[in-house]
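Below you'll find the structure, written out as structure tokens, and then a few comments.
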Amino acid sequence: MKHAGGVRTDGEIMPTEFRNEPLTDFTKPENEAAMRAAIEKVAGQLGQEYPLVIGGERIKTGDNLETINPANRTQVVAKFHKATKDLANRAVEAAAEAFKTWRNRPADERAQLLFRVAELMRARKHELSAWMIHEVAKTWPEADGDTAEAIDFCEFYAREMLRYASEQPLVKLQGEANRLEYIPLGVGAVIPPWNFPLAIMAGMTGAAIVTGNTVVLKPSSDAPTIAYKFFELLEEAGMPPGVVNFMTGSGAEVGDVIVDHPKTRFIAFTGSKEIGLRINERAAKTPDGQLWIKRVVAEMGGKDAIIVADDADLDEAATGVVQSAFGFQGQKCSACSRAIIDARVYDPMIEKIAARTARIKVGAPTDNATTMSAVINEKAFKAINSYVEKGKAEGGRVVAGGGSDGEQGFFIEPTVIADVKPGDTIEQEEIFGPVLAVIKANDYDDALRIANDTQFGLTGAVYSTDEVKLDRARNEFHVGNLYLNRKCTGAMVGVHPFGGFNMSGTDSKAGGREYLLLFMQAKLSSEKVGATRKRAEAGIAI
Ligand code: NAD
């Protein structure tokens with residue numbers, strides 16, 4: 001298939017208008033066969049060892065970190081080496097050294113790097129997805145969506161860089177030649193989560209380097225392999241050493257080092273509220289020798305709600321709720337974890353939600369028929385199960401699922417708990433697993449009030465056939481991404497710029513037109529016209 005990106009002429013990629021990477025239709029036999037082959041290929045490469053890469057140098061510490069298949073806990077996906085504090089410091093120094101030259105590379109050259117990476121990802125799409133199928137137990141369509149989004153981020157940010165590098169509009173003043181340029185910030189710590197281990201990691205890294213910064217990339221310990229595969233593609237596409245430094249290790253240990261380092265200029269983080277706040281607090285300190293206030297871009301958790309009004313199309317609403325609640329085992333920051341339903345349609349909605357949930361097929365992620373697989377690790381497995389218990393103890397009624405099996409993998413049934421009250425634990429805290437709380441609202445006013453009664457503000461949706469109600473939601477439902485009569489997951493790059501309010505983060509919008517500004521600063525130069533000799537007169541080659 002011809003990709004949505006640029007067309008090669010003399011080795012350069014000329015960007016065409018941005019279009020989202022199409023998702024793969026696995027009902028087509030040729031696509032199914034291609035994915036099967038990729039899964040087999042990756043299965044033959046499991047258990048290998050990968051180094052840290054600092055300033056282009058491959059380093060092994062001998063202190064290993066293993067990742068396992070969440071659906072098959074005895075299967076080792078890969079072995080990594082834990083960085084020491086000393087190596088974390090070295091990684092920041094290497095990035096600082098590379099920044100001296102990378103910052104001066106033309107924007108077009110940096111954009112070309114991302115275009116080439118996108119092209120490489122497109123060519124190895126299923127293989128990348130197959131790594132995520134093994135490493136984080138994504139089902140085929142979820143893994144395919146993650147890879148497509150990573151391609152989109154590279155394509156989109158490369159184009160965005162070209163836009164920012166072009167002449168910026170300023171009010172004209174006679175007698176002066178004025179110019180506004182966007183320049184990079186410096187060294188960034190890029191700290192992604194495991195749940196979109198390719199897309200979010202590639203998006204944050206790509207945005208940071210295309211704007212001229214250099215980074216220390218510290219992937220999640222649950223998903224370093226896919227990050228390493230992306231790092232290899234950057235190298236293959238011609239990235240100079242030190243522009244991205246690949247560093248695995250304990251978030252708590254080496255994460256703090258790169259966050260605290262006086263040469264770190266910014267931190268791009270996506271993950272939990274707790275770690276985001278910790279990073280924000282530490283980054284606010286200014287150690288001796290630090291010349292700037294660190295910038296923190298922190299995308300954090302959610303407690304996303306779907307409101308179903310009394311006039312909604314109930315079948316559509318039930319489908320949207322179930323898809324949003326259980327896609328990738330509910331482990332999306334955008335996942336619907338609260339269904340807030342008008343009392344007049346509460347009972348039929350519960351029936352419809354429970355019936356659709358019962359049709360979900362839980363199983364191995366390598367099997368194309370599976371629609372939900374295991375949760376990420378043992379810690380999550382235990383935490384999610386205890387939330388189910390808490391939900392029951394607080395008076396919730398389990399109407400679907402409720403069971404779990406941690407024998408072979410970390411499997412939890414898609415679980416729907418009805419009669420949850422506003423303010424209950426599972427109505428307030430982010431569970432990050434396949435558990436949906438259903439709450440009864442007296443009316444639409446009450447539903448909006450319950451939906452907004454949270455510290456988070458990431459995504460939300462409303463199902464209603466009444467335009468007035470939808471308009472009220474536009475005005476009153478305080479979330480960064482509001483969806484009307486559709487599910488609350490599945491944001492597309494460029495189409496639905498993504499990011500939330502309040503404790504969901506710093507209000508940045510990934511995949512949107514302002515995103516790259518977070519990685520740059522604007523420099524204005526103002527020259528008095530006629531005060532210099534012309535370049536040619538001065539003997540400077542033009
Ligand atoms: P997490 O906070 O546990 O970890 C995120 C990253 O931080 C990992 O790379 C981890 O190793 C690292 N880390 C841990 N301790 C650190 C420290 N002291 N210093 C520096 N780094 C440290 O989150 P997770 O479990 O990987 O991801 C799930 C969370 O991410 C959920 O809360 C989810 O809502 C959120 N999330 C948000 C968005 C969004 O766009 N808002 C997107 C995806 C995920």
Side-chain angles (χ1 to χ4, degrees), residues 65 67 70 80 82-83 85 88 135-136 146 149 153 188-201 203-205 216-224 226-227 246-261 264 267-283 294 296-304 327-337 375-377 379-380 383-384 429-433 454-459 479-481 488-491 493 496-512 515:
L65 176 160
T67 63
F80 285 84
K82 285 190 200 160
K85 287 187 173 162
E135 190 164 46
V136 296
D146 198 323
E149 192 177 357
F153 277 134
V190 174
I191 307 177
W194 51 264
N195 74 326
F196 280 86
L198 182 54
I200 293 181
M201 181 271 311
M204 293 200 295
T205 308
V216 178
L217 167 62
K218 197 222 76 63
S220 163
S221 300
D222 285 306
I226 188 66
F246 181 84
M247 195 190 69
T248 37
S250 145
E253 231 176 89
V254 291
D256 283 350
V257 176
I258 58 174
V259 167
D260 296 349
H261 201 290
T264 297
I267 296 114
F269 167 84
T270 306
S272 62
K273 181 193 87 177
E274 289 70 24
I275 304 294
L277 292 182
R278 177 192 172 93
I279 287 174
N280 191 49
E281 198 175 327
R282 294 187 79 101
K294 282 174 185 154
V296 177
V297 181
E299 293 310 300
M300 314 193 303
K303 189 68 193 170
D304 313 305
F328 188 36
Q329 293 82 269
Q331 302 171 121
K332 296 184 186 179
C333 52
S334 56
C336 170
S337 59
V375 301
I376 190 69
N377 57 31
K379 192 170 157 222
I384 297 163
E429 294 181 15
E430 185 181 44
I431 300 173
F432 220 59
T454 167
Q455 58 182 324
F456 297 108
L458 193 45
T459 76
V479 289
N481 285 61
C488 65
T489 53
V493 173
H496 315 111
F498 188 82
F501 302 148
N502 295 349
M503 283 299 174
S504 291
T506 48
D507 317 324
S508 63
K509 278 282 190 272
Y515 191 69

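All ligand and atom numbering here is 1-based and tracks the order in the structure.
- Note: F246 and F80 have tilted aromatic rings, judged against thresholds of 30 and 60 degrees for the angle between ring planes.
- Protein heavy atom nearest atom 42 (C) of ligand 1, with residue, atom name and distance: C333 SG, 3.0 Å.
- The nearest protein atom to atom 19 (N) of ligand 1, hydrogens excluded, is given as G251 O, 3.4 Å; this is a heavy-atom distance.
- Every atom of ligand 1 with a heavy atom of G255 under 4.0 Å away is listed here by number and element: 19 (N), 20 (C).
- Legend: residues meeting salt bridge (charged side-chain N to carboxylate O under 4.0 Å, His left out) with K332, ordered by chain and number and at least two apart, are E142.
- The side-chain heavy atoms of Q329 and I384, taken from C-beta on, include no pair separated by under 4.5 Å.
- Between E430 and S337, the side chains place no donor N or O within less than 3.5 Å of an acceptor N or O (distance only, hydrogens not considered).
- At a threshold of 4.5 Å between non-hydrogen side-chain atoms, the residues K82 and L65 count as touching.
- If you number the atoms of ligand 1 from 1 as listed, the ones under 4.0 Å from a heavy atom of I200 come out as 42 (C), 43 (C).
- Atom CD of E281 has 12 or fewer heavy atoms from other residues, nucleotides or ligands within 6.0 Å.
- Taking every heavy atom of D256 and a limit of under 4.0 angstrom, the matching atoms of ligand 1 come to 17 (C), 18 (N), 19 (N).
- A pairwise comparison of heavy atoms in S334 and L458 identifies N-CD2, 4.4 Å as the closest pair.
- The nearest heavy-atom contact from the protein to atom 40 (O) of ligand 1 is F498 CE2, 3.4 Å.
- With ligand atoms numbered from 1 in the order given, ligand 1 contributes 43 (C), 44 (C) to contacts under 4.0 Å with heavy atoms of N195.
- Here I279 has side-chain heavy atoms under 4.0 Å from ligand 1, and that is the only part of it that gets that close.
- Against a heavy-atom cut-off of under 4.0 Å, L458 is close to the following atoms of ligand 1: 41 (N).
- Contact analysis puts W194 in contact with ligand 1, with a non-hydrogen atom separation below 4.0 angstrom.
- Within a 4.0 Å radius of atom 4 (O) of ligand 1, the protein contributes no non-hydrogen atoms.
- Those atoms of ligand 1 with a heavy atom of A252 less than 4.0 angstrom away are 15 (N), 16 (C), 18 (N).
- Atom 32 (O) of ligand 1 has its nearest heavy-atom neighbour, among M201, E430, R282, in E430.
- In this structure, G505 falls outside the shell of residues with a heavy atom less than 4.0 angstrom from ligand 1.
- In this structure, T264 and K294 approach most closely via the heavy-atom pair O-CE, 3.2 Å.
- Nearest to atom 6 (C) of ligand 1 by heavy atom, out of S504, P193, P192, P197, is P192.
- Nearest-heavy-atom check against atom 1 (P) of ligand 1 across G480, S272, A491 picks out S272.
- Here T270 has heavy atoms under 4.0 Å from ligand 1 in both its backbone and its side chain.
- Those atoms of ligand 1 with a heavy atom of F269 less than 4.0 angstrom away are 2 (O), 5 (C), 6 (C), 7 (O).
- Summarising the geometry of I226 relative to P197, their closest heavy-atom pair is CG2-CB, 3.4 Å, with the distance given to 0.1 Å.
- The protein heavy atom nearest to atom 33 (C) of ligand 1 is F432 CE1, 3.3 Å.
- When side chains are defined from C-beta on, E135 does not count as touching D222, because their heavy atoms never get closer than 4.5 Å.
- Within the 4.5 Å cutoff, side-chain heavy atoms of N195 are placed close to those of I200.
- V136 is not listed as a side-chain neighbour of D146, based on a closest heavy-atom distance of 4.5 Å or more.
- Selection from G271, A380, G301, A510 by nearest heavy atom to atom 35 (C) of ligand 1 gives G271.
- Nearest to atom 37 (C) of ligand 1 by heavy atom, out of K273, M300, E253, K218, is M300.
- Separating the CG atom in D256 from the CZ atom in R282 is a distance of 3.5 Å, to the nearest 0.5 Å.
- Listed by number with element, the atoms of ligand 1 under 4.0 Å from a non-hydrogen atom of I191 are 6 (C), 7 (O), 9 (O), 12 (C), 20 (C), 21 (N).
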